[in-house]
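One structure below.
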Amino acid sequence: MTTKTFTTPTARLIEIFSAIQGEGLNVGTRQIFIRFALCDLRCHFCDSAHTWNIPTTCRIERSPGLRDFEIYANPVPLNILIEWVKRQNVLSLHDSISLTGGEPLLHAQFLVEFLPQVRKVTGLPIYLETGGHRPELLAKILPYLDSVGMDFKLPSVSGESHWQEHAKFLQFCYESQVEVFVKIIISDKTNTADLEDAGLLVAEVSPQIPIFLQPVTPLAASEQFTQNPILAPAPEQVLMWQALMKRFVKVVRVVPQTHKMLNQL
């Protein structure tokens, strides 16, 4: 006779905090951010390189928005994470929970168990921020999501290329009827042909999927990963690209990183 052993699911975290969402469809709303460690991409414009690997500790905000962080060891057991989120969930303050990173889908097996429980105890919608290149992992957690923001990686800007994965990812979202939008980082190095291909790809899934063009926020010299710095595009170029993308989908909005304008880092 064998004895079954059960292990508590754990997550590798960077931080948990309460803040105003600065990007995409949910811009301006208040969210509980759960930032997961680990990413398998190396985008040239990434402003969260500290999430690429797994740290030995994570930081947890005690009081929503006060930045009174406490330090705890990684990995974090599921039941402890639930308690930390409950502590953040002040009545009527938050609009949703944001799963961000890093790439949260690399924690898909943990999320399958975590998301139904956190929804039950908070009553908050679940929003996934993702690179959109792991459709097989998305499929595992789609039933537990309310909205998805997919970063479309243009090769000319990010240095990454995941066209087929993006197409499959969006198709999964569309078929599940989860709310989904696409965010595309644009810079002075954006190739217009890349943008056109992205617009075609999104429209083939559905022209009703909104696209957000996000002019890149230039990185400090110490944060840059290439010899040539990534700079924001000229205003007239942004207007031209918005007009181009509106040939493919109904809604195209230009929204920079508003949380950085608010100095809310």
Side-chain angles (χ1 to χ4, degrees), residues 7-40 46-131 134 137-138 140-141 144-149 151 257-260 262-265:
T7 57
T8 302
T10 59
R12 278 71 176 169
L13 301 178
I14 299 294
E15 58 189 350
I16 298 175
F17 61 99
S18 171
I20 299 167
Q21 174 59 249
E23 302 176 358
L25 193 63
N26 298 303
V27 67
T29 64
R30 188 70 173 266
Q31 295 183 320
I32 298 173
F33 287 81
I34 304 175
R35 189 182 302 282
F36 290 87
L38 201 58
C39 187
D40 53 349
C46 183
D47 59 1
S48 302
H50 62 289
T51 68
W52 288 356
N53 300 304
I54 300 172
T56 57
T57 61
C58 59
R59 62 178 198 163
I60 311 300
E61 193 178 44
R62 280 194 58 82
S63 311
L66 295 188
R67 302 299 183 261
D68 50 351
F69 289 104
E70 296 178 340
I71 306 300
Y72 293 90
N74 267 320
V76 177
L78 186 152
N79 60 318
I80 299 299
L81 180 53
I82 290 286
E83 290 303 313
W84 287 342
V85 174
K86 284 170 62 178
R87 187 171 68 184
Q88 286 280 330
N89 190 32
V90 174
L91 183 65
S92 301
L93 178 60
H94 297 101
D95 298 290
S96 56
I97 293 172
S98 173
L99 310 175
T100 187
E103 175 50 66
L105 287 177
L106 297 178
H107 284 75
Q109 198 55 50
F110 173 85
L111 292 171
V112 166
E113 299 189 48
F114 172 70
L115 294 182
Q117 295 186 46
V118 78
R119 183 194 297 278
K120 183 176 180 180
V121 301
T122 65
L124 293 174
I126 308 296
Y127 164 58
L128 171 67
E129 298 185 274
T130 173
R134 289 285 191 165
L137 297 179
L138 171 73
K140 294 183 178 182
I141 68 168
Y144 313 113
L145 300 176
D146 295 282
S147 60
V148 176
D151 284 351
Q257 289 183 300
T258 61
H259 59 290
K260 294 194 175 182
L262 295 170
N263 198 29
Q264 183 196 246
L265 304 177

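Here the structure is a predicted model, which is why all the values come from computation and not from measurement. Just so you know, residue 1 is the first one in the sequence shown, and it goes up from there.
Under the side-chain contact (heavy atoms from CB on, under 4.5 Å) test applied with W84, the options I60, I34, N89 reduce to a single match, I60.
Taking the side chain as every heavy atom from C-beta outward, I141 and L105 approach each other to under 4.5 Å. S18 is listed as a side-chain neighbour of H94, based on a closest heavy-atom distance under 4.5 Å. Looking at L25 and S147, their side chains never come closer than 4.5 Å, going by heavy atoms from C-beta outward. P64 has its side chain within reach of L93: a pair of non-hydrogen atoms, C-beta onward, lies under 4.5 Å apart. Between L13 and L81 the shortest side-chain heavy-atom distance falls below 4.5 Å.
Between the side chain of N74 and the backbone N or O of P55, at least one donor-acceptor pair lies under 3.5 Å. Within the 3.5 Å criterion, the main-chain N or O of R67 finds a donor-acceptor partner in the side chain of E61. Side chain of D146 to main chain of Y127: no donor-acceptor pair is present (N/O by atom type, distance under 3.5 Å, no hydrogens or angles). No donor-acceptor distance shorter than 3.5 angstrom exists from the side chain of R59 to the backbone of I71, with no hydrogens or angles considered. Remark: side-chain polar atoms of R134 are not paired, donor with acceptor, to backbone N or O of L106 under 3.5 angstrom. Listed for the E103 side chain is a donor-acceptor partner under 3.5 Å among the backbone atoms of G131.
Taking the six-membered ring for Trp and thresholds of 30 and 60 degrees, F114 and F110 have nearly parallel ring planes, at less than 30 degrees apart. The aromatic rings of H107 and F36 are tilted relative to each other, their planes meeting at an angle between 30° and 60°.
Nearest approach of K140 to A108, heavy atoms of both residues: CD-CB, 4.4 Å. Between I54 and A37, the shortest heavy-atom distance links the atoms CA-CB, 4.1 Å. When every heavy atom of Q31 is checked against every heavy atom of S98, the shortest pair comes out as OE1-CB, 3.4 Å. R30 approaches A19 most closely through the heavy-atom pair CD-O, 3.4 Å.
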> Could you go step by step and tell me if R12 and L38 meet the side-chain contact (heavy atoms from CB on, under 4.5 Å) rule?
Replying inline: CA-CA 8 Å; R12 278 71 176 169; L38 201 58; over 6 Å; no

